[in-house]
Amino acid sequence: MFNLEKNMSNNVGRYSIKDQLNFIHNRNRSLVQHLQFVNPIRMEQFRGGKLIGVHETLNNITNEGVNTLFNVMFNSATQIAQNAWYIGFIDNAGFSALDNTDVMNSHGGWTEFIAYSQSTRVSWTSGTASAGVRTVTNASACVFNINGGGGTVYGIFVTSGSAKSGTTGKLWATAAFASPVPVSSGDQLNITYTTSA
């Protein structure tokens, strides 16, 4: 927390965006503004029509995601359409690390898991923020039907690129589950992604 008047002065550049977005400013009155993204992810795993697991985690916004947010809002960047965000899976095979600098055409610590029947990554269509409620989520789950030999899912990512194994689009966020999730052909994975501040 920072008292901007006393501590930040003209040295805003010394503080990270996270610090600058999470502050308390007191001057004769109390003005509290917390803008810190907390993005829950819930994945339900079904096998033979029965729920066999629920996996929940929080994501990390990439540097590119932060840049996109601010450039769209304050620097005339082109907005990405509401229905042009997609969920993809991070493969456990060969995984080494997630990094804030990851982008779609360069993420050396992980590869994409694509053993599902949908022809593209599944669209995440958010709701609308209103009345000061700073939360948007998909009204219905993003559904993936696992095929092939199955595998193990390490986590998810959110991107504006729809093509499986594609390297274009903005990488908004990545997330790791508490432990890798083994999946088998025929499993259904339902993803609910919420972004809130």
How many angstroms lie between atom [atom1] of [X] and atom [atom2] of [Y], to the nearest 0.5 angstrom?
| X | Y | atom1 | atom2 | answer |
| --- | --- | --- | --- | --- |
| I156 | L189 | CD1 | CG | 11.0 Å |
| T192 | M43 | OG1 | CE | 11.5 Å |
| T194 | L58 | OG1 | CG | 10.5 Å |
| Q188 | I52 | CD | CD1 | 11.5 Å |
| T62 | L98 | OG1 | CG | 11.0 Å |
| T57 | R42 | OG1 | CZ | 13.0 Å |

Path from I41 to Y86 over hydrophobic side-chain contacts below 4.5 Å: no
Hydrophobic cluster identity match, V153 and I87, side-chain contacts under 4.5 Å: yes
With a 4.5 Å heavy-atom cut-off, do [X] and [Y] have their side chains touching?
| X | Y | value |
| --- | --- | --- |
| T195 | W124 | yes |
| N59 | I61 | yes |
| Q45 | H55 | yes |
| F70 | N75 | no |
| V158 | W85 | yes |

Closest contact, heavy atoms only, [X] versus [Y]:
| X | Y | value |
| --- | --- | --- |
| V122 | V143 | CG2-O, 3.4 Å |
| G150 | A115 | O-CB, 4.0 Å |
| V72 | T78 | CG2-O, 3.7 Å |

Contacts of type ring-ring contact (aromatic ring centres under 6.0 Å, His included), residue F144, not counting sequence neighbours: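 Scan of F144 (ring-ring contact (aromatic ring centres under 6.0 Å, His included), adjacent residues dropped) gives F89, Y116.
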Pair Y193-W172, side-chain donor/acceptor within less than 3.5 Å: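 W172 and Y193 do have a side-chain donor-acceptor pair below 3.5 Å.
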Using residues 173-185 as the side-chain source, report each donor-acceptor pair under 3.5 Å to any protein atom, sequence neighbours left out, with the distance given to one decimal.
| residue | atom | partner | partner atom | Å |
| --- | --- | --- | --- | --- |
| S184 | OG | R47 | NH2 | 3.4 |

Salt bridge (charged side-chain N to carboxylate O under 4.0 Å, His left out) pairs, two or more places apart, involving residues 115-126: E112-R121
Chi angles and distances behind the side-chain contact (heavy atoms from CB on, under 4.5 Å) call for F157, L171: CA-CA 7 Å; F157 61 93; L171 180 60; 3.9 Å; yes
Set of side-chain contact (heavy atoms from CB on, under 4.5 Å) partners for S117, sequence neighbours left out: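 Here the qualifying residues are N145, N147.
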Qualifying side chain to side chain donor-acceptor pair (under 3.5 Å) pairs with a residue from residues 148-169, counting only residues at least two apart or across chains: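 Side chain to side chain donor-acceptor pair (under 3.5 Å) check on residues 148-169 returns no pairs.
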Any pair counted as side chain to side chain donor-acceptor pair (under 3.5 Å), so long as it reaches residues 88-109, sequence neighbours left out: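 Sorted result for residues 88-109: N60-N100, D99-T101, D102-W110.
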